[in-house]
Asks: 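Encoded as C-alpha cells, here's the structure I'll be asking about.
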Amino acid sequence: MKLAFPILVGRILIAGGILTAGILLGTIAAESTISPKNQSSEAVPVYPRNENGDTYGSAFHASTNEEKPDLIEAIGEDGVAGYIRKKDLDGDMPKTPEEATALMNKQQVKGPRQLPLYEKDGKTVIGTFLAGETKP
C-alpha cells in the first residue's frame, strides 16, 4: 500500500503537467491565428518629401494605391528617369459601371496616355511617360 500512494501522486502530477502544457500550447496557437498583427506583417512604406511637400519614390512596396507616393518613379520615353504624379496616373475614376466601360473603350481607341515626367520637385517637366503602353 505504501508503494501505491507515490505512484498515484506521480501519475497525477504527470497528467496535470500534460494538461497544463496542452492548455498553454492551445492558447498560444489560438492567439497567433486570431491576432490582428498577423493580418499584415509588412510595414507601410515611408517616403521622403521634396521641397513642395510631395512624397516621392518607388511604388514597388506599396500594397494599396493609398500607400503610393505622390510622385512615382518612372522611366519615360527615350529612357529618361523621373517621376509621374499619382493623380495623373490614376486619372478620372468612373462613378458607375457604364462610365467605366465607356472610359475603357475610349482608352482602347486612343491608345496609351501621355503623362508628364517630372524631376523630383514635381514641377520641372523633363519628358513624357506613356501610361498603358505595352512593350514587346
Side-chain angles (χ1 to χ4, degrees):
M1 232 11 195
K2 290 183 181 181
L3 187 61
F5 183 71
I7 293 174
L8 180 62
V9 170
R11 287 182 180 171
I12 290 172
L13 289 175
I14 291 172
I18 291 172
L19 181 62
T20 303
I23 291 171
L24 191 66
L25 289 174
T27 302
I28 291 170
E31 177 69 25
S32 67
T33 58
I34 297 172
S35 177
K37 67 183 176 193
N38 285 345
Q39 291 179 359
S40 176
S41 60
E42 294 185 28
V44 175
V46 177
Y47 300 103
R49 291 189 177 273
N50 64 17
E51 60 274 8
N52 299 312
D54 295 322
T55 56
Y56 64 93
S58 171
F60 183 76
H61 293 289
S63 55
T64 66
N65 194 46
E66 289 75 26
E67 292 178 2
K68 292 178 184 175
D70 301 318
L71 298 167
I72 301 169
E73 286 181 357
I75 304 295
E77 292 185 289
D78 302 324
V80 177
Y83 299 87
I84 55 173
R85 290 203 167 275
K86 177 173 71 170
K87 66 180 182 179
D88 291 344
L89 184 62
D90 291 345
D92 295 329
M93 298 304 288
K95 293 174 181 53
T96 66
E98 293 78 18
E99 285 181 15
T101 302
L103 184 61
M104 287 175 26
N105 291 337
K106 179 180 171 184
Q107 287 174 346
Q108 286 177 348
V109 171
K110 288 178 83 175
R113 293 182 298 138
Q114 288 191 341
L115 305 179
L117 188 70
Y118 297 97
E119 285 283 352
K120 184 170 52 174
D121 64 9
K123 293 186 177 198
T124 308
V125 177
I126 58 171
T128 303
F129 177 82
L130 295 178
E133 177 184 42
T134 56
K135 299 200 177 197

Asks: If you link ILVMFWY side chains whenever their heavy atoms are less than 4.5 Å apart, which other residues fall into the same cluster as Tyr83? By chain and number, please.
Replies: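 Noted: Tyr83 shares its cluster with Tyr56, Leu71.
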
Asks: So with a 6.0 Å cut-off around CG of Asn105, is the heavy-atom count from everything else above 12?
Replies: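 Correct, the count exceeds 12.
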
Asks: Per the salt bridge (Lys or Arg N to Asp or Glu O under 4.0 Å) rule, what does the pair list look like for residues 94-105, sequence neighbours excluded?
Replies: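 Every pair satisfying salt bridge (Lys or Arg N to Asp or Glu O under 4.0 Å) with a residue in residues 94-105: there are none.
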
Asks: Restricting to non-hydrogen atoms, name the atom on Ala100 and the atom on Pro94 that form the minimum distance, rounded to 0.1 Å.
Replies: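 Closest approach of Ala100 to Pro94, heavy atoms only: N-CB, 3.4 Å.
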
Asks: According to the ring-ring contact (aromatic ring centres under 6.0 Å, His included) rule, which pairs have a member within residues 94-115, sequence neighbours left out?
Replies: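 Every candidate ring-ring contact (aromatic ring centres under 6.0 Å, His included) pair involving residues 94-115 fails, so no pair, neighbours aside, qualifies.
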
Asks: Which Ile, Leu, Val, Met, Phe, Trp or Tyr residues join Leu89 in one cluster when any pair of side-chain heavy atoms under 4.5 Å counts as a link?
Replies: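 Cluster partners of Leu89: Ile72, Val80, Ile84, Leu115, Leu117, Ile126, Phe129.
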
Asks: Could I get the full list of side-chain hydrogen bond (donor to acceptor under 3.5 Å, both in side chains) partners for Thr124, not counting sequence neighbours?
Replies: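 Counting only residues at least two positions away or on another chain, Thr124 forms a side-chain hydrogen bond (donor to acceptor under 3.5 Å, both in side chains) with Asp121.
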
Asks: Above 12 or not: heavy atoms from other molecules or residues under 6.0 Å from NZ of Lys86?
Replies: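 Enclosed: over 12 neighbouring heavy atoms sit under 6.0 Å from NZ of Lys86.
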
Asks: Looking at Pro69 and Gly57, what are the two nearest heavy atoms and their distance?
Replies: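 It is CG-O, 3.4 Å.
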
Asks: Within the structure provided, determine whether Asp88 and Arg113 are in side-chain contact (heavy-atom separation under 4.5 Å).
Replies: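 In short, these two side chains do not touch, never coming nearer than 4.5 Å.
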
Asks: What pairs meet the salt bridge (Lys or Arg N to Asp or Glu O under 4.0 Å) rule with one or both residues in residues 57-67, with sequence neighbours excluded?
Replies: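 Qualifying pairs, neighbours excluded: none.
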
Asks: Kindly write out the residues that satisfy side-chain hydrogen bond (donor to acceptor under 3.5 Å, both in side chains) with Asn52, not counting sequence neighbours, or none if the list is empty.
Replies: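 side-chain hydrogen bond (donor to acceptor under 3.5 Å, both in side chains) check on Asn52 returns nothing, list empty.
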
Asks: State which residues pass ring pair (Phe, Tyr, Trp, His ring centres under 6.0 Å) with Tyr47; sequence neighbours excluded, sorted by chain then number.
Replies: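 Once residues adjacent in sequence are excluded, Tyr47 has no partner under the ring pair (Phe, Tyr, Trp, His ring centres under 6.0 Å) criterion.
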
Asks: Under the rule for side-chain hydrogen bond (donor to acceptor under 3.5 Å, both in side chains), what residues qualify as partners of Asn50, not counting sequence neighbours?
Replies: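 With neighbours one apart ignored, the set is empty.
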
Asks: Listing request: all ring-ring contact (aromatic ring centres under 6.0 Å, His included) pairs with a residue in residues 103-125, at least two apart in sequence or in separate chains.
Replies: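 As it turns out, there is no ring-ring contact (aromatic ring centres under 6.0 Å, His included) pair with a partner in residues 103-125 once direct neighbours are skipped.
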
Asks: Applying side chain to side chain contact (heavy atoms under 4.5 Å, CB included), can you list everything that pairs with Ser58, at least two apart in sequence or on another chain?
Replies: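 So Ser58 forms a side chain to side chain contact (heavy atoms under 4.5 Å, CB included) with Phe60, Glu73.
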
Asks: For Asp54, which residues count as a side-chain hydrogen bond (donor to acceptor under 3.5 Å, both in side chains) partner, sequence neighbours excluded?
Replies: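 By the side-chain hydrogen bond (donor to acceptor under 3.5 Å, both in side chains) rule, Asp54 matches Arg85.
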
